[in-house]
Participant: 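Got a structure for you, written out below as structure tokens; questions coming shortly.
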2 protein chains.
Amino acid sequence: MVATTESNTANEEMKVERSVTTLRSLTLEKMRDAILDFRFKPGERLVERTLCERLGVSRSVVREVLRHLEAEGLVETIPHQGPAVTKPDPAQAAQIYEIRGLLESEAARACALNAPEAAIAELGGVIDEIDAAFQTGSPREVLRRTTEFYEKLFVAAGKEVAWDVVRSLNARINHLRSMTIAQEGRHRAAIAEMRLLHAALLRRDAAGAYEASRAHVATVAGLAGAILSRI
Amino acid sequence: MVATTESNTANEEMKVERSVTTLRSLTLEKMRDAILDFRFKPGERLVERTLCERLGVSRSVVREVLRHLEAEGLVETIPHQGPAVTKPDPAQAAQIYEIRGLLESEAARACALNAPEAAIAELGGVIDEIDAAFQTGSPREVLRRTTEFYEKLFVAAGKEVAWDVVRSLNARINHLRSMTIAQEGRHRAAIAEMRLLHAALLRRDAAGAYEASRAHVATVAGLAGAILSRI
DNA sequence: GATTGTCTTATGGTATACCATCATACGTAA
DNA sequence: TTACGTATGATGGTATACCATAAGACAATC
């Protein structure tokens, strides 16, 4: 049994990898990036023939990509009115922040317990980059780097599925997140909160990491709530 | 301002609703149901032309539906090998149960605090139906009713987004869930655990509901883990 | 100037055609 | 009988055609 298992593994390793990239997957990536980077605004209609021209692909590819983005919640389609970028819904936003709080704090706890030293060190480096992006006045860069931070946190904690969930939910409140980042005075507080979390991770303080993460999400949830109540 | 708001609301109420159902949305529902009801087995290839014949629609509709199911995680597509029903991955299954534990116990807590009496009473009725389905030896009916129970729990708790997340994750471990239900002796224990949760809800015991839910998911996670280790 | 009727254009829904690539089957030669 | 080469069929990827419906533009009438 062991012998055959080893030989199977050897055969698996021999297999030629097929990494042909389809037009569809390239287009999906570009569309998702364009939405998350506000090149398509929340509420903006996504007219199929217009997208064909901009992307240089056929309607088949565009329609399949729209179906994918629809399932991800980034696009909503009203029958016979067509697709549009999803707008943040206040009630849903509040629930999304709550789910984030639950999943992120659990990931922070697990990270403090299990993550390799190198991974925790890397998180510190990303916080520095977030700080630099704040200083150069690049909100998109701040958002991008913050996403990178959390991806590394979740992966280091061994929670890839939770990361998929959080990334998908975050995409739906991308605009709100951008607005909380752009708040006056948010720079200093955000960096302080992230360093607090990182310090807890460094000293392997699971409860401290949990609490720092929970508090951070509660803070940004409150900011987002205030923004929504002004719209 | 108030006057115009009222007049806007009156105009909104007057609007004609367009509820035309596309072939695509009907097909999506049928495919999802077929997968969740094991008419397509985990790992089974979904050949486009075969699906066209079975469903009586064109490849355009089939491909768009496959893209949607792909984004939901129910289908996976290997380039140039085609789509297949997603198979449960042990590492991902463990993480999915953990996320369920976090979200379901929070929903149970909120349900104990906030849900209307009628909603909690309704939950009791669904447990009775689950019991009956166990007794008639209908695992599919047990699975269906259990899904119904949790949907009502989340909605009563006001956590529709979390329900979307849990439903989507559950779809990916549908086969595992079916196998834990089919375990010998599971009937009695499952019903007891659900009644424990319901009793806590009835007496508005938030901490008790939280703990009962957490323990229940931990139990089924353990059963699923044991099943996976035997495969 | 406003309203109504009609025509045209825009757009999503769906079907089908074509192509490239890969797997399988068959024939031939050693 | 086995191995190799070639042909054929299967299948996913992509493009395009056609249709129906709704929205918008324009002209005529009051």
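Not measured: the values here are computed from a predicted model. Naming: A, B, ... by sequence-line order, numbering from 1 per chain.
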Participant: Salt bridge (charged side-chain N to carboxylate O under 4.0 Å, His left out) for A:Glu64 and A:Arg67? Distances and angles first, verdict last.
Facilitator: CA-CA 5 Å; A:Glu64 290 190 27; A:Arg67 297 294 86 81; over 6 Å; no
Participant: Closest heavy-atom contact between B:Glu76 and B:Lys87?
Facilitator: OE2-N, 4.1 Å
Participant: Assess whether a salt bridge exists between A:Arg167 and A:Asp164, defined as any Lys/Arg side-chain N lying under 4.0 Å from an Asp/Glu carboxylate O.
Facilitator: yes
Participant: C:dA15 P sits how many Å from B:Glu53 CD, rounded?
Facilitator: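 Spelled out: CD on B:Glu53 to P on C:dA15 is 14 Å.
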Participant: Of B:Arg59 and A:Arg59, whose closest DNA chain C nucleotide lies nearer the 5' terminus?
Facilitator: A:Arg59
Participant: Hey, does the side chain of B:Ser58 come within less than 4.0 Å of C:dA15's phosphate (OP1/OP2), counting only N and O?
Facilitator: yes
Participant: Ignoring backbone atoms, test whether B:Arg45 places a side-chain nitrogen or oxygen under 4.0 Å from the OP1 or OP2 oxygen of D:dG12.
Facilitator: yes
Participant: Hydrogens and angles aside, do A:His68 and A:Glu72 bring a side-chain donor and acceptor to less than 3.5 Å of each other?
Facilitator: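 Per modelled atom types, A:His68 and A:Glu72 side chains form a pair under 3.5 Å.
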Participant: Tell whether A:Arg49 reaches the base of C:dG12 with its side chain through a donor-acceptor pair below 3.5 angstrom.
Facilitator: yes
Participant: For A:Glu64 and C:dT14, what is the distance between atoms CD and C1' respectively, to the nearest whole Å?
Facilitator: 13 Å
Participant: D:dG12, OP1 or OP2 - any side-chain N/O from B:Arg63 closer than 4.0 Å?
Facilitator: no
Participant: Could you tell me how far apart B:Arg24 (CZ) and C:dT14 (P) are, to the nearest whole angstrom?
Facilitator: 7 Å
Participant: Give the rounded distance in Å between these two atoms: CG of A:Leu55 and P of D:dA15.
Facilitator: 11 Å
Participant: To the nearest angstrom, how far is B:Glu48 atom CD from C:dC22 atom P?
Facilitator: 17 Å
